[in-house]
Amino acid sequence: MTQAPEIEARDAETRARCPMTDLVLQGGDREPLVGYAELDALRESGPAHTLPGGDIIYTRYEEVLAVAQDSDVFYSKAPVDPVTGEESFVLVPQAIDGPTHVKWRRILASTFAPGAISALDDSIRARVNELIDGFIDQGECDFIKDFSLRFPTSIFLKHIIGLPVEELDKFIAWETDILHPKDVDPMVAYGKSVTAQTEVMKYFEQIIAERRQLPPEERANDLISKGLSWKIDGEFISDSDLLSFYLLVFEAGLDTVTAELGYGFHHLATHPSDRDRIVNDPAVVPTAVEELLRVYAIVNINRTAMQDTEVDGCPIKAGQRVVLSLPSTGRDEGQFPDARKVDFDRKNISHLAFGAGPHRCLGSHLARHELAIAYEEWHKRIPVYGLNPAKEFDESRSSMMGLNSLPLSWDPATTKPRS
Ligand code: HEM
């Protein structure tokens, strides 16, 4: 069927005004979300691209911010699967929208507020030093395995959900299987992830039941005990919503800090002048945290358009899934001069590493404290270190950026005892 000439002209005009690279046509089924260099190339070649599978990816700061903030039109909740007709599993509160989401955020605000998080500083500092004690005399470590996986997980166990640190290895194994399942066969890897997820849920279910046995006045101040008395619209929150929330905090709060520290220490190990700046001027750490978050943001997020709309004047159909590449936005030259350079003297560092809009990261204060304390304490004790060239360095290849291993080494004679 031929189109009316005016419609054809309008379509041609839209295509010219809104160029969109189809990555399938361009490069087979290549996965573009695998590394900063690829994201940089993608961003520089245009503002929007169609991914294999049909999602549109936005890579520039301006468009990503606009979509993340437009929560009336772009929802977090994934649409019903068009083939199976199934609803996707809803992670609370990340995949709920509108007034119910606002109510959840209100309930959670005090636990993750700056004052509550500052109260954990001494404990976080002690944990960083305990972990460093474990390898400092060896002159080397796998930073991911020996430090950055163990650190946020132990804070989560002890201070967020109130479980003994002896559970650490079990939680690390679950975290690895859920978020980075390894197998040559993708279906087996997926199966591992689902199994681990089910085990975590069962575990939390059991802890909820145990805490419920205690009279309210004997319950501790952790997230699981508190959850038992949370109400929305006068009703206690269901166990299934609580479980979904604990699973989200488990997934969102552990791997992210691990990944961010991995890139941060990779940068410092390969840029000795930035590393020395932290050693000689620890007051720069808060700026260093923000600069490293800006250049090495790690989370790509998804939204669904709930109605026909436009992004930067370009049409988007209702039901269209979009990916917002936060890792790309901090490196956008249109927003930050000399964007890929880490500059501890930079003044405007309004990055999107924690997202934007109503779903902006709930744990950002905790994450910032964990990152800052890790940078401070490490550099007091191990001021000179580099990448260990004899060991394998390995970057994770999934939509959440991260390193699987980061071998670091140093001369034990240059290290310092705990202060
Ligand atoms: C460097 C570390 C972290 C980064 C880069 C990060 C990043 C993000 C981002 C980008 C979002 C927005 C998701 C979206 O809009 O769809 C988010 C949401 C969230 N984050 Fe974080 N996060 C970090 C650490 C943490 C920690 C430590 C916790 C808690 C222990 C946490 C808990 C959450 C929760 C519960 C949400 C969902 C909020 C909502 O939907 O209302 N995050 N995070």
Side-chain angles (χ1 to χ4, degrees), residues 58 64-65 67-71 74-78 90-109 111-114 116-117 120 124 148 151-162 171 175 179 222-224 227 241-242 244-265 289-304 321-330 351-375 399-402:
Y58 291 103
V64 168
L65 179 62
V67 173
Q69 288 183 327
D70 191 357
S71 58
F74 288 96
Y75 273 23
S76 274
K77 188 174 171 15
V90 172
L91 281 172
V92 173
Q94 197 273 328
I96 48 177
D97 302 275
T100 311
H101 177 255
V102 174
K103 288 172 190 167
W104 264 98
R105 291 292 294 229
R106 244 181 245 143
I107 291 177
L108 298 171
T111 305
F112 291 93
I117 299 304
L120 304 179
I124 295 177
S148 74
F151 166 50
T153 312
S154 33
I155 304 300
F156 169 80
L157 283 173
K158 190 165 170 199
H159 297 289
I160 307 296
I161 54 168
F171 270 79
E175 185 187 340
L179 297 165
D222 59 79
L223 216 49
I224 297 190
D241 278 0
L242 284 177
S244 157
F245 169 63
Y246 299 135
L247 185 67
L248 173 69
V249 180
F250 174 75
E251 292 187 10
L254 308 188
D255 211 45
T256 46
V257 177
T258 300
E260 194 54 50
L261 281 172
Y263 283 114
F265 273 83
V289 167
E290 299 310 314
E291 252 310 78
L292 292 166
L293 275 164
R294 179 183 69 79
V295 178
Y296 304 106
I298 46 173
V299 190
N300 294 288
I301 61 177
N302 298 85
R303 295 289 186 267
T304 306
R321 285 291 275 171
V322 300
V323 178
L324 306 181
S325 180
L326 305 177
S328 169
T329 58
H351 60 71
L352 302 179
F354 292 118
H359 289 278
R360 194 183 170 284
C361 180
L362 181 67
S364 63
H365 300 300
L366 176 59
R368 283 187 162 121
H369 280 241
E370 289 182 347
L371 296 170
I373 291 172
Y375 290 131
S399 67
M400 157 108 180
M401 331 272 289

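Read the numbers this way: they start at 1 and go in the same order the structure lists the ligands and their atoms. Since we're looking at a predicted model, the values are computed, not measured.
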In terms of residue, atom name and distance, what is the protein heavy atom nearest to [atom]?
| atom | result |
| --- | --- |
| atom 34 (C) of ligand 1 | Leu362 CB, 3.8 Å |
| atom 40 (O) of ligand 1 | His359 ND1, 2.6 Å |
| atom 26 (C) of ligand 1 | Gly253 CA, 3.4 Å |
| atom 20 (N) of ligand 1 | Cys361 SG, 3.2 Å |
| atom 3 (C) of ligand 1 | Thr256 CB, 3.4 Å |
| atom 33 (C) of ligand 1 | Ala252 CB, 3.8 Å |
| atom 11 (C) of ligand 1 | Phe354 O, 3.9 Å |

Under 4.0 Å from any heavy atom of [X], which atoms of ligand 1 are there?
| X | value |
| --- | --- |
| Ile301 | 13 (C), 14 (C), 15 (O), 16 (O) |
| Leu326 | 10 (C) |
| Ala353 | 5 (C), 7 (C), 10 (C) |
| Leu248 | 35 (C), 37 (C) |
| Pro93 | 39 (C), 40 (O), 41 (O) |

State whether the shortest distance between N or O atoms of [X] and N or O atoms of ligand 1 falls below 3.5 angstrom.
| X | value |
| --- | --- |
| Arg105 | yes |
| Glu370 | no |
| Gln94 | yes |

Among the heavy atoms of [X], does any lie under 4.0 Å from an atom of ligand 1?
| X | answer |
| --- | --- |
| Val249 | yes |
| Arg303 | yes |
| His101 | yes |
| Phe112 | yes |

Heavy-atom side-chain proximity of [X] to [Y] below 4.5 angstrom:
| X | Y | result |
| --- | --- | --- |
| Ile301 | Leu326 | yes |
| Tyr263 | Val295 | no |
| Met401 | Tyr296 | no |

(request) Anything under 30° is parallel, anything over 60° is perpendicular, the rest tilted; go ahead and classify Trp104 against Phe245. (result)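 Trp104 vs Phe245 ring planes: tilted.
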Go through the side-chain N and O atoms of His359 and Gln94 and say whether any donor and acceptor fall under 3.5 Å apart.
->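 On atom types as modelled, these side chains do not qualify, holding no pair under 3.5 Å.
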Measure across [X] and [Y] and return the closest heavy-atom pair with its distance rounded to 0.1 Å.
| X | Y | value |
| --- | --- | --- |
| Pro327 | Val299 | CD-O, 3.2 Å |
| Ala95 | Lys77 | O-CB, 3.5 Å |
| Pro152 | Gly253 | CB-O, 4.2 Å |
| Thr153 | Glu175 | OG1-OE1, 3.3 Å |
| Ser76 | Asp97 | N-OD1, 2.7 Å |
| Val92 | Ser244 | N-OG, 2.8 Å |

In chain order, what residues pass the salt bridge (Lys or Arg N to Asp or Glu O under 4.0 Å) check against Asp222, with sequence neighbours excluded?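 Partners of Asp222 under the salt bridge (Lys or Arg N to Asp or Glu O under 4.0 Å) test: Arg211.
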